[in-house]
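Letters A, B, ... mirror the listed sequences (proteins, then strands); counts begin at 1. Atoms considered below: every heavy atom in the structure, side chains included; atoms not considered: hydrogens, waters and symmetry mates.
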Amino acid sequence: MYHVLEARIRTALSTHIRQRYNQDVTVVTERPPRIEMGEVASPVCFELAKRLKRAPRQIAQEIAAELPPIEGIERIGVAGGGYVNLYFSRAAFLAAAVTGAAATPASAGPDAPKCIVEHTNINPNKAAHIGHLRNAALGDTLVRVLRRAGRRVEVQNYIDNTGVQVADVVIGFIHIAKKSPGAVRALAAQPKFDYFCWDLYARVTQFFEEDKTRLALRGDTLKSIEEGRGPAAEMADAVAPAIVRCHLRTMERLGIEYDLLPRESEILHLKFWDAAFELLKRRNVIHLSASGKNAGCWVMRLNDAADAADASGEDDDAKIIVRSNGTVTYVGKDIAYQLWKFGLLGRDFHYEKFHTYPDGHTLWASVSSGGEPNPPAFGHASVVYNVIDSRQAYLQNVVVAGLRALGFQEQAGRSIHFSYEMVALTPRCAAELGYTLSEEEAEKPYVEVSGRKGLGVKADDLIDRLEVAARAEVDQRHPDSPEAERAAIAHAIAIGALRYFLLKFTRTAIIAFDFEDALSFEGETGPYCEYAVVRARNIFRKLREQQPDFDLESLTTVDQDAAARLFGGSDGNAFWELALLAGSLDTQIEAAVGAQEPAFLAKYAFQLAQAFNLFYHRHRVLTEENADKKTFLLQLCRLVELQLVGALELLGIESPEQM
RNA sequence: GCGCCCGUAGCUCAGUUGGAAAGAGCGUCUGCCUUCUAAGCAGAGGGUCGGGGGUUCGAAUCCCUCCGGGCGCGCCA
């Protein structure tokens, strides 16, 4: 609601300034520091003062006096050296906010332009860890926010099932665990298979370190897996899908779902790369390096300045796309995949159903042949978000440069690297996990998580710990509630704590993980926000006990005279600040989409919860004797509840009925 | 060496396109549960916004420079 009025004010001001002063200015608006100064302020007169060579305050006074009425704005004032302050009609705002909050937001039609969000992308060779959780939480929240903003979104989780990491675990099964393909298949059916592979993978790293010549095994194994032949391929075929299912289960605990699993095996088998290679060659984006250190490789130059220097042989800083042995690099495959996402490759996968979620939603996976006869139309996106940590920025730039060089300027511009910094461990946390730090590591502010070394907090372990801790709190408070109910509440609290913890940091902040912070349910946390919702709901529950015929719907009609009176009364400003904040979810969503920053919503949810807790503490709703005031207070509670639930939903955090 | 990111309270972090007296959580100290659940609320203390220049009516925010830290820059992914 706030966003609507703010936009209205900007338009009114810029129109008025154009007509009255013949000036085209971009009107910036801001929130005044105190509520007594109004809800929207504009420093536009400072800019006008320069252009008109007049005192800013004088212009501001003129504008305040002459600006035509704006719907929803009660009065205009002048403050400071020349700020124009606008005051909302409080009662009208509350009425509009309450109806707006109760309405369901419009979702995108089936023909709307599509956004693809690719996230999670965990190598299917070990259990998911805390770093993967940040990726998935950010990606999933981006999806939720985009959908709420009215976009059509397709969620992809790319599976590198034929890569080095899978090959390494296969090597572990053959040479360390000495398993047959049949034995591996049996193991893969066991629960916690991802944990088994976690340990095995770390042992493979040691296995290579002990004798570097063993690295030769990797090339052979990889080749066998890529070609789909031999026992190594058979094992990879057992390991990767089983691990993928473990990851899906983990992510489902967090409320994260996907639409499609594109798999690398199909990118190979369906020769996506060959199509991309032809395109890249035909349009001279890549060329065969004749001399220098990259001789025999197909390379792509990144600086356009030297694009005529084909024959100069100075390709040393170019990016290798095809190795001298003819195999394609990861970036090459990624260019092909990115082209497919935009529908530019001229090829498509076949698709089969891979999994059905409890809500009936189907997850599809790519296959090489056959598949379902009429799968949904995947790909053909207008915007692509790749949720990948900032360490891969260089490679993402190469992919985009490839698209641009191919002449797909528009798609290159709409290829968004949704970048974020890594999750690391505090040295204390690493030590707690039983890891012995080197002297150098102990000096550092944090230690990098490493699947290769087996150093990291496994996602399921963390969720388990959170659930146990939450369960202890719930048991204490609700010893008589049924078991299933207590489990469900503890789960909501655990996930709320985890997702909030991962989302409250802005994307550019490195998270130094520590159990103490992550396991907290107090202060700026998910459970704090959930608790505010529960408090609002408790009021309504108690009210229904007292008045069985009470209907929540009755609160959607606001008596504006009564509301205006109460907003003008002794606690009026406090009530108003709460209503205004609750009515600002739209502004927050707008800002979160604009800045591509989910943390904005996390901060907002916390602020709203905090404001509500203060209100809750100061005003007893149910014992209020003045009927108008009681209704008004209930309306505030209802508005906050709806908006807070909405904000938490965007963060993937459930609001339990009780805690 | 080149590129990207970070430096704000004891600690962990916000501060959206430059705007009105720098914010939050944690931690420390002091209060508040016969009440709509204290997973809460109130108060106190704590800051040369890394340093120095510059642009501007106005800079934590933009530019330059220096210092400190992190991450990339592979015929790995």
For Arg535(A) and Asn538(A), which I'm curious about, is there any donor-acceptor pair between the side chains at under 3.5 Å? no

Base, sugar-phosphate, or nothing for Ser324(A), non-hydrogen atoms under 4.0 angstrom? base

Please pick, from C75(B), A20(B), A24(B), the nucleotide with the shortest atom-to-atom distance to any side-chain atom of Ala41(A). A20(B)

Assess Arg507(A) against Phe418(A): is NZ or CZ under 6.0 Å from the centre of the six-membered ring, and within 45 degrees of the ring's axis? yes

Looking for any heavy atom pair under 4.0 Å, which part of the strands does Ala591(A) touch: base, sugar-phosphate only, or nothing? base

Distance in angstrom units between Phe521(A) CZ and A38(B) P, rounded: 18 Å

For this output row, return yes or no: ring centroids of Tyr337(A) and Tyr158(A) closer than 6.0 angstrom. yes

Side-chain donor-acceptor pair present, Asn135(A), Tyr420(A), cut-off under 3.5 Å: yes

Which sits closer to the 5' end of RNA chain B, Thr329(A) or Gly80(A), going by the nucleotide each is nearest to? Gly80(A)

Checking all strands, does Tyr616(A) fall into the base, sugar-phosphate, or nothing category for heavy-atom contacts under 4.0 angstrom? base

OP1 or OP2 of U37(B) versus the side-chain N and O atoms of Lys542(A): is any pair under 4.0 Å? yes

Close aromatic pair by centroid cut-off 6.0 Å: Phe615(A) and Phe612(A): yes

Is the terminal nitrogen or CZ of Arg214(A) (NZ for Lys, CZ for Arg) located under 6.0 angstrom from the six-membered ring centre of Phe207(A) and within 45° of that ring's axis? yes

When rounded to whole Å, the CG to P distance for the pair Asp480(A) and U37(B) reads 16 Å

Asp389(A) CG to C4(B) P: how many Å, rounded? 18 Å

Scan Phe46(A) against the nucleic acid and name what it touches under 4.0 Å (heavy atoms): base, sugar-phosphate only, or nothing. base

Measure the distance from CD1 on Ile489(A) to C1' on U37(B) and round it to the nearest whole Å. 12 Å

Within the 4.0 Å heavy-atom criterion, would you say Val474(A) contacts the bases, only the backbone, or no part of the nucleic acid? base

Indicate yes or no: does Glu624(A) engage Arg620(A) in a salt bridge with an N to O separation below 4.0 Å. no

Considering every strand and a 4.0 Å limit on heavy-atom distances, what is the contact class for Arg620(A): base, sugar-phosphate, or nothing? base

Length of the NZ-P vector between Lys333(A) and C76(B), whole Å: 10 Å

Are side-chain N/O atoms of Asp389(A) and Gln392(A) paired as donor and acceptor at under 3.5 Å? no

What is the glycosidic conformation of C57(B): syn, defined as within 90° of 0, or anti? anti

Phosphate oxygens OP1/OP2 of C76(B): is one of them under 4.0 Å from a side-chain N or O of Lys319(A)? no

Short side-chain N/O contact from Gln610(A) to OP1 or OP2 of G25(B), under 4.0 Å: yes

For Met659(A) and Pro43(A), find the nucleotide of RNA chain B closest to each by heavy atoms; which residue's nucleotide sits nearer the 5' end? Pro43(A)

Thr29(A) side chain to Glu6(A) side chain, donor-acceptor N/O pair below 3.5 angstrom: yes

It should be established whether Arg323(A) places a side-chain nitrogen or oxygen under 4.0 Å from OP1 or OP2 of nucleotide C76(B). yes

Have a look at Leu395(A) and say if it touches a base, only the backbone sugar-phosphate, or nothing, with a 4.0 Å heavy-atom cut-off. base

Let me check I have this right: for RNA chain B, each base becomes ., (, ), [, ] or |, based on Watson-Crick or G-U pairs with both distances under 3.5 Å. What is the full string? (((((((..((((.....[...)))).(((((.......))))).....(((((..]....))))))))))))....

Between Tyr528(A) and C41(B), does any side-chain N or O lie under 4.0 Å from OP1 or OP2? yes

Using a 4.0 Å heavy-atom cut-off across all strands, classify Asp514(A) as base, sugar-phosphate, or nothing. nothing

What nucleic acid atoms does Thr587(A) come within less than 4.0 Å of, heavy atoms only: base, sugar-phosphate, or nothing? nothing

Euclidean distance for P, C66(B) against C26(B) (whole angstrom): 41 Å

Please check if any side-chain donor atom of Arg499(A) sits under 3.5 Å from a side-chain acceptor atom of Thr141(A), or the reverse. yes

note: Glu47(A), atom CD; G58(B), atom C1'; distance rounded to Å ~ 12 Å

Assign Ile510(A) to base, sugar-phosphate, or nothing according to its heavy-atom contacts below 4.0 angstrom with the strands shown. sugar-phosphate

Checking all strands, does Lys504(A) fall into the base, sugar-phosphate, or nothing category for heavy-atom contacts under 4.0 angstrom? nothing

Under the 3.5 Å rule, do the base of A39(B) and the side chain of Arg477(A) count as making a donor-acceptor pair? yes

Classify the nucleic acid contact of His417(A) as base, sugar-phosphate or nothing, counting any heavy atom under 4.0 Å across all strands shown. nothing

Please give, in whole Å, the distance from C76(B) P to Arg218(A) CZ? 10 Å

Applying a 4.0 Å non-hydrogen cut-off, can you work out what Tyr531(A) is touching in the nucleic acid: base, sugar-phosphate, or nothing? base

Just checking Asn613(A): base, sugar-phosphate only, or nothing, at a heavy-atom cut-off of under 4.0 Å? sugar-phosphate

Please tell me if Arg535(A) has a side-chain N or O lying less than 4.0 Å from either OP1 or OP2 of A38(B). yes

Between A14(B) atom C1' and Leu503(A) atom CG, what is the distance in whole Å? 15 Å

So does Arg541(A) get a side-chain nitrogen or oxygen closer than 4.0 Å to the phosphate oxygens (OP1/OP2) of C36(B)? no

